[in-house]
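Structure first, commentary second.
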Amino acid sequence: AGYLSKMEQALAGAGAKDAKTEAICLMSMLEGATIFVGQDRHWKEDGAKVTAEILNYVRIRYGEDA
């Protein structure tokens with residue numbers, strides 16, 4: 001709950017229209033990625049690229065150019 005609250009506040013500050021829903025969505029993406037690219041997972045070698053893509057999504061969605 002604390003993690004969600006912090007994320008929700010950050011997204012609201014970035015102008016999210018529905019900060020709670022968007023925070024849950026991002027949390028799902030981040031936590032779900034560990035299933036596929038976490039330590040000892042099948043695609044662990046792609047972990048850095050997956051992380052970069054998630055950060056790219058956040059930059060596009062909430063960055064200065066959004």
Side-chain angles (χ1 to χ4, degrees):
Y3 179 49
L4 173 63
S5 178
K6 288 179 183 184
M7 213 166 188
E8 191 176 344
Q9 289 172 10
L11 292 173
K17 293 181 175 123
D18 185 352
K20 182 177 182 181
T21 301
E22 293 181 41
I24 292 169
C25 179
L26 285 172
M27 284 175 44
S28 298
M29 188 181 338
L30 293 168
E31 293 182 20
T34 64
I35 295 169
F36 300 101
V37 298
Q39 186 176 5
D40 298 324
R41 298 300 179 164
H42 186 75
W43 296 287
K44 67 181 178 185
E45 68 277 356
D46 295 310
K49 291 189 286 184
V50 170
T51 299
E53 193 57 37
I54 291 171
L55 291 173
N56 186 49
Y57 169 81
V58 171
R59 281 188 207 97
I60 291 168
R61 181 75 171 99
Y62 304 105
E64 296 174 16
D65 299 332

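Values below: every heavy atom of this structure, side chains too, minus hydrogens, waters and symmetry copies. If you're wondering where the values come from, they're calculated on a predicted model, not measured in any experiment. The first residue in the sequence is number 1, and the count goes up from there.
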(Q) Going by salt bridge (Lys or Arg N to Asp or Glu O under 4.0 Å), name the residues that satisfy it together with Glu22, two or more places apart in sequence or in a different chain. (A) Arg61

Q. Considering residues at least two apart in sequence or located in another chain, which fulfil the salt bridge (Lys or Arg N to Asp or Glu O under 4.0 Å) criterion with Asp46?
A. Lys49

Report all side-chain donor-acceptor pairs from residues 23-45 shorter than 3.5 Å, counting only partners two or more places apart or in another chain.
residue	atom	partner	partner atom	Å
Ser28	OG	Ile24	O	2.9
Thr34	OG1	Glu31	O	2.6

Side chains of residues 51-58: which donor-acceptor pairs under 3.5 Å do they make with residues two or more places apart or in other chains?
residue	atom	partner	partner atom	Å
Thr51	OG1	Gly47	O	3.0

Q | Pairwise distance NZ(Lys6) to CG(Leu4) - rounded to 0.5 angstrom | A | 12.0 Å

